[in-house]
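Worksheet: one structure, shown below.
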Amino acid sequence: MKSKTMSLEQFADLINEADEWKLEFDEIIDANNWIPIFDEWHVCHDDKNMIYFDDKGQAKVK
């Protein structure tokens, strides 16, 4: 991956393409100045939108 800056939607797609959480994902959150929320259902937010996991385990933006 060349750039670690991206939209929340692009990051959600990247998460969904991966089989497991990658250390690179933490770097992406930092590079975009997003606020991490590591719990069972949430990943991060940008003060407007949030990445969360739906009931099927897919990362979504709301």
Side-chain angles (χ1 to χ4, degrees):
M1 171 178 290
K2 292 180 184 179
S3 175
K4 294 199 185 306
T5 58
M6 60 184 63
S7 69
L8 282 173
E9 289 81 5
Q10 290 170 318
F11 186 40
D13 289 342
L14 187 65
I15 292 170
N16 289 330
E17 291 171 4
D19 293 332
E20 60 187 25
W21 188 264
K22 298 180 180 188
L23 291 177
E24 179 181 17
F25 293 169
D26 296 324
E27 296 169 5
I28 292 169
I29 292 170
D30 288 339
N32 288 281
N33 296 315
W34 296 328
I35 300 153
I37 321 170
F38 296 115
D39 65 23
E40 188 175 348
W41 300 105
H42 303 94
V43 177
C44 64
H45 70 84
D46 66 0
D47 285 332
K48 296 178 190 169
N49 298 299
M50 174 184 306
I51 293 182
Y52 71 99
F53 292 108
D54 66 12
D55 58 352
K56 296 179 183 172
Q58 292 294 300
K60 303 281 185 177
V61 176
K62 69 172 177 177

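As the structure is a computational prediction, the values presented were derived from the model and not from experiment.
Rounded to the nearest 0.5 angstrom, Cys44 SG and Ile28 CD1 are separated by 9.5 Å. Between atom CZ of residue Phe53 and atom CG of residue Asp39 there is a gap of 10.0 Å, rounded to the nearest 0.5 Å. The distance from atom CG of Asp13 to atom CD1 of Ile51, rounded to the nearest 0.5 Å, is 9.0 Å. To the nearest 0.5 angstrom, His45 atom NE2 is 11.0 Å from Ile29 atom CD1. With values rounded to the nearest 0.5 angstrom, Tyr52 atom OH is found 15.0 Å from Glu40 atom CD. The structure places CG of Asn16 at 7.0 Å from NZ of Lys60, a figure rounded to the nearest 0.5 Å.
The main-chain N or O of Trp34 is never found under 3.5 Å from a side-chain atom of Asn32 such that the two would form a donor-acceptor pair.
The minimum heavy-atom distance between Asp26 and Phe38, with the atom names listed, is OD1-CZ, 3.6 Å. The two residues Ser7 and Gln10 come nearest to each other via the heavy atoms N-OE1, 2.8 Å. Nearest heavy-atom pair, Lys22 versus Ala18, reported as atom, atom and distance to 0.1 Å: CE-CB, 4.0 Å.
When the side chains of ILVMFWY residues are joined at heavy-atom separations under 4.5 Å, either directly or via intervening members, Ile35 and Val61 end up in two distinct hydrophobic clusters. Hydrophobic cluster membership differs between Ile37 and Leu14, with clusters built from Ile, Leu, Val, Met, Phe, Trp and Tyr side chains linked at under 4.5 angstrom. Follow the hydrophobic side-chain contacts under 4.5 Å out from Met50 and you never reach Val43; the two are in separate clusters.
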